[in-house]
Undergrad: 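Quick one: this structure, given as structure tokens, is what I'll be asking you about.
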Number of protein chains: 2
Amino acid sequence: MATERLDRQRVINAAVALLDAEGLDALSTRRLGTVLEASANAMYWHVGNKENLVGLATNAGFAELELRTDGESWRDRLAATARELRGLFTRHSWLTAAFSAHPRIHGPEIVRFQNHLLQVCQQAGFEGFDLDWAGATVFSFVIGDAWGQAQSPTPDDSSAMTTELLERVKTELTDYPLLLERYTALANADPATVDVASFEFGLCSMLDGLQAHLDHQNGTTSPNT
Amino acid sequence: MATERLDRQRVINAAVALLDAEGLDALSTRRLGTVLEASANAMYWHVGNKENLVGLATNAGFAELELRTDGESWRDRLAATARELRGLFTRHSWLTAAFSAHPRIHGPEIVRFQNHLLQVCQQAGFEGFDLDWAGATVFSFVIGDAWGQAQSPTPDDSSAMTTELLERVKTELTDYPLLLERYTALANADPATVDVASFEFGLCSMLDGLQAHLDHQNGTTSPNT
DNA sequence: ACCTGAACACCGTTCAAGT
DNA sequence: ACCTGAACACCGTTCAAGT
């Protein structure tokens with residue numbers, strides 16, 4: 001009733017809250033209007049249109065990133081950056097869908113992160129296009145990993161439903177015994193620890209791969225430094 | 001006028017054609033209806049609903065993958081698999097958005113690919129959960145890379161517009177000289193070759209990283225085999 | 001079995017009109 | 001300057017009714 005005046009930040013905050021709670025599909029101008037106790041089109045004055053609002057929400061997400069530069073080695077710094085980014089995408093699981101739906105999303109906080117990532121790669125010893133490729137490799141892996149986590153988001157049903165589902169899958173995967181074996185092994189493991197372990201394995205592999213590139217670039221003579 | 005009877009495959013084919021041509025947002029039940037010279041809701045009998053249709057279209061995409069097992073080494077086979085998957089995602093750029101919007105997508109052709117990926121990783125020497133992590137690492141990287149390519153899809157405007165846009169960006173990136181430098185360097189390069197080079201760099205890094213894991217796992221005594 | 005027409009509840013966006 | 005109400009052109013989906 002005695003609702004405060006709207007402003008851009010309040011609209012963005014409400015959008016982020018709605019996105020976190022119910023996902024990208026739940027964000028509509030009318031739902032946002034009711035949340036803000038305003039008409040459905042009140043937001044247009046503040047954020048232009050919906051696509052722009054999603055962009056602003058995404059940018060607000062990236063503002064959460066703590067970009068530290070005090071790691072002991074480039075490897076530590078790059079790992080910390082990757083983990084920060086991954087944390088962002090798990091806290092706001094709508095981010096991958098938002099980027100996919102609106103590829104033009106950009107903003108100062110996103111730019112800030114990109115610059116940080118490039119800086120860390122530069123300190124590691126990458127130059128020229130290799131700098132871009134190294135940054136893109138890290139970014140791609142983290143995005144792809146977050147994208148994979150979003151694929152299995154529904155432990156709504158407890159173990160009872162799971163075993164029934166497992167039976168159904170068992171008949172579907174009859175031609176692929178290896179896949180069935182891995183599927184059951186993963187189904188019996190704790191999802192949270194599985195996700196972390198999967199990410200850390202990939203991250204470690206990526207860092208080893210980048211390390212190999214740097215070693216080769218600086219001459220393979222002293223690989224033990 | 002003398003339109004053939006509808007069937008599930010024709011609906012899927014029309015959906016894929018529409019998706020390829022105009023993207024995920026363009027796929028609506030009514031547009032599909034006009035393409036098929038049928039009513040907007042004719043598809044419901046054949047494919048259930050829209051989400052299911054997108055799943056079927058995705059599955060149809062994965063059917064295109066040629067999964068070869070005749071590589072000389074596990075590294076060749078895994079690289080070939082990754083490149084096949086990347087090709088699929090570049091030919092059908094709506095795939096990342098489709099997966100993001102409907103995380104529950106699955107199907108026999110997708111399962112077939114997953115099994116192939118696991119097989120290749122198994123032949124490489126991975127076992128147990130490492131098998132899953134290795135596969136997930138490759139998959140995540142390829143998805144993330146495809147996702148990145150989709151971010152810069154609009155060379156609609158030729159070089160004239162690009163230079164004007166470059167000026168605008170130059171003021172935005174004034175706080176980030178490193179990012180500005182890399183941005184201009186990339187803007188002056190051929191986008192297609194850039195995309196390929198970026199992917200190949202990341203792929204090579206990933207394979208080196210997996211290689212390092214296998215070496216360590218089998219004992220670091222014989223790294224030259 | 002397969003398809004249509006009409007209907008329902010929703011959407012993003014615009015724009016005159018209000019304060 | 002900021003916001004509302006009504007309107008427009010779209011959605012996905014359902015369902016009785018047709019053949």
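From a predicted model like this one, the values you see are computed outputs, not experimental measurements. Each chain gets a letter, A, B and so on, in the order the sequences are listed, and its residues count up from 1.
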Undergrad: Kindly write out the residues that satisfy side chain to side chain donor-acceptor pair (under 3.5 Å) with B/Q119, not counting sequence neighbours, or none if the list is empty.
TA: none
Undergrad: Let me spell it out: for each of A/N41 and A/R31, pick the nucleotide of DNA chain C with the closest heavy atom. Which residue's pick is nearer the 5' end?
TA: A/R31
Undergrad: Going by side chain to side chain donor-acceptor pair (under 3.5 Å), name the residues that satisfy it together with A/N52, two or more places apart in sequence or in a different chain.
TA: none
Undergrad: Got a sec? Which of residues 23-30 of chain B come in under 4.0 Å of DNA chain D, heavy atoms?
TA: B/L27, B/S28, B/T29, B/R30
Undergrad: Tell me every residue that passes side chain to side chain donor-acceptor pair (under 3.5 Å) with B/W94, counting only those two or more places apart in sequence or in another chain.
TA: B/D20
Undergrad: Got a minute to check which stems DNA chain D is part of, using Watson-Crick or G-U wobble pairs under 3.5 Å, three or more consecutive?
TA: C:4-8 with D:12-16, C:12-16 with D:4-8
Undergrad: How about A/N59 and A/E109: does a side-chain donor come under 3.5 Å of a side-chain acceptor?
TA: no
Undergrad: Specify the separation, in whole Å, of atom CE of A/M43 and atom P of D/dT4.
TA: 13 Å
Undergrad: Heavy-atom contacts under 4.0 Å between residues 44-55 of chain B and DNA chain D, which residues?
TA: B/Y44, B/N49, B/K50
Undergrad: For B/H46, check ring-ring contact (aromatic ring centres under 6.0 Å, His included) against everything at least two apart and list the hits.
TA: none
Undergrad: Once you apply a heavy-atom cut-off of 4.0 Å, does B/A38 come out as touching a base, just sugar-phosphate, or nothing?
TA: sugar-phosphate
Undergrad: Could you tell me whether the side chains of B/E172 and A/H106 share a donor-acceptor contact shorter than 3.5 Å?
TA: no
Undergrad: Can you confirm whether A/F199 sits close enough to A/R83 that some side-chain heavy atom of one is under 4.5 Å from a side-chain heavy atom of the other?
TA: yes
Undergrad: Just to verify, what does B/H116 make a ring-ring contact (aromatic ring centres under 6.0 Å, His included) with, not counting sequence neighbours?
TA: none
Undergrad: Compare every heavy atom of B/I12 with every heavy atom of B/L53, then report the nearest pair and how far apart it is.
TA: CD1-CA, 4.3 Å
Undergrad: What N/O pairs connect the protein and nucleotides 17-19 of chain C at under 3.5 Å? Give each pair on its own line.
TA:
none

Undergrad: With sequence neighbours excluded, tell me which residues meet side chain to side chain donor-acceptor pair (under 3.5 Å) with A/E22.
TA: A/R31
Undergrad: Run the ring-ring contact (aromatic ring centres under 6.0 Å, His included) test against B/Y176 and tell me which residues pass, sequence neighbours left out.
TA: none
Undergrad: What is the distance, to the nearest angstrom, from the CG atom on B/L36 to the P atom on C/dC2?
TA: 15 Å
Undergrad: Just by distance, do the side chain of A/T90 and the backbone of A/R86 share a donor-acceptor pair under 3.5 Å?
TA: yes
Undergrad: In whole angstrom, what separates B/L32's CG from C/dC3's P?
TA: 13 Å
Undergrad: If the condition is ring-ring contact (aromatic ring centres under 6.0 Å, His included), which residues does B/Y44 pass it with, not counting sequence neighbours?
TA: none
Undergrad: Provide, to the nearest angstrom, the distance between the CD atom belonging to A/E37 and the P atom belonging to D/dC3.
TA: 13 Å
